[in-house]
Amino acid sequence: MSEPASPGDSSRSFDRAPFGLAARERLLLAPYALHSSDTAGRKHPEPPHAYRGPFQRDRDRIVHCAAYRRLSHKMQVFTGELGDYHRTRLTHTIEVASVARTLARALRLNEDLVEALALTHDLGHPPFGHAGEAALDECLKDEGGFSHNRHGLRIVEQLELRYQEFPGLNLSIEVLEGQESRIGPGDPHDQPLLEVQVVEAADSLAYDTHDADDALELRLLSLHELEEVPLWRETAQRVRDRYANIDDVALRRAVVHELVDVQVGDLLSHTSAQLANYGVDSAAAARRAPWLVEPSPALAQQKIELEQFLHQRVYRHPKLMALRTRGQQVLREMFAGYLARPELMPASFQSRAAEVGWPRSVGDYIAGMTDRYAEQEHARLFSNRDLGS
Ligand code: MG
C-alpha cells in the first residue's frame, strides 16, 4: 500500500501504549461493541499502522477517495437547480455520520467503525438519486440490474484505484459486511453488528427530518400542511409552548433541532432497554439477538406517518417528478450513446469492459458521474440524437 511505513508498524504500538487504542477501548467501549483489536482484518493483509486503528484508517481512506468528494455534487432529494440551501448527498452523509457518532458514543460502541460505515453508506449513488438508480437498473436489467448499495461495494472493492498493492480501498471486513447488509435481507439469526444498526437508524432519522426541512425551505410544503403529521404537530406545539412569539422561520429551525433530539433520545432509551432485555454482553451475542437499535414502537409509528406524508407530498411533487423524468432521460441516452461509441469513455473504463462486459462498464462510468457532469457530458456528446446511431 502507498501509505508510508511508520515507525513501529509491526509492533502494534497503537495497541500497547498506555493510552493507546486498545487500552482506551477497553476502558470506554461496552462489552457488546466491536473492539478494534477484534477486527477480522482486510482481504489483502496489511501491517497495522503505528498510531491509527483499523477503522480510523478506513475512515481516512473513504474521506480521501474520489467517490466521496463527488457526493458534493450529487443530489439527495432536491437538485442544484432548486437552489443551494438544501442537502446534497455529501452533507446528508456528514449529518448521518454526526448523528451516528452521537448514538455510538452514548451506547459505548466503536465510534471509528460507525464513522467509517456512515461515510460509506451512500457512496454508490449514481447521478439524480433514486431516479437515476431506477434508470440504470432498467438499462442493466440483463446484467443483474443496478443498486446503489451494491455499487457502493464495487466502488470500495474495485473501482477506486489508489494503491499499487490492491484494487479498491481494502477496507476492513466489518465495513464491507456493513455495506453488504444494506443490499438485502440477510440471515435473521446473524444480524449486522450494533455499529451497522446505528448507522441505519441515523440515516433514517436524518433523512426524515431534513427532507421535511428542505421541502419547507423550497416551498414545496407549508408549515400548515406539515401540521397534518402527528410527529411534526406535537413537536411544533412543544416549541410554541417554550417560545410564545416565535415566527415561522425560527419555528421551523427549532422543530428540526427538536425532532432530531427527540428521535435520538428515544432511540437511545429504547435500544438500551433492548440490550438489557436480551442480556447482550458481547458483539457475538448482539448478532444472535433480534435487530436492537430502533425507535420505540410509538415513535416508529410516528416516523412511518411522516415518511408516508413525505412520499405523497414531497417525493412525488410535480416539480420533482419533472426533474426525475429529465434525469432519467439523460442517463438512458448516455447509456445507449456510450454503448454505441465506447471510445468516448475514459481508457480505464474501456479496458475494464474486457473483464466485466461493456454494459456494466458503461454503467460504472455513468454511476460515478455527478449530476452536473452527467448533464454536461450528455449535452456535449449525446444531445444530438443522431450520434450513436
Ligand atoms: Mg443515506
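Just so it is clear, the values below take in all heavy atoms, side chains as well, and ignore hydrogens, waters and symmetry mates. Atoms within each ligand, like the ligands themselves, are counted from 1 in listed order.
- Y278 does not carry R288 over the face of its six-membered ring by the limits of under 6.0 Å from the centre and within 45° of the normal.
- A 4.5 Å side-chain heavy-atom check between S272 and L107 finds at least one atom pair inside the cut-off.
- Around the Mg ion (ligand 1), protein N, O or S atoms at less than 2.8 Å number 4.
- With ring centers used as reference points, H92 lies under 6.0 Å from H121.
- Ring centroid separation for the pair H130 and H148 comes in under the 6.0 Å cut-off.
- Ring centroid separation for the pair H49 and Y51 comes in under the 6.0 Å cut-off.
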Evaluation steps, ring-ring contact (aromatic ring centres under 6.0 Å, His included), between H73 and Y373: CA-CA 9 Å; H73 289 286; Y373 188 72; over 10 Å; no
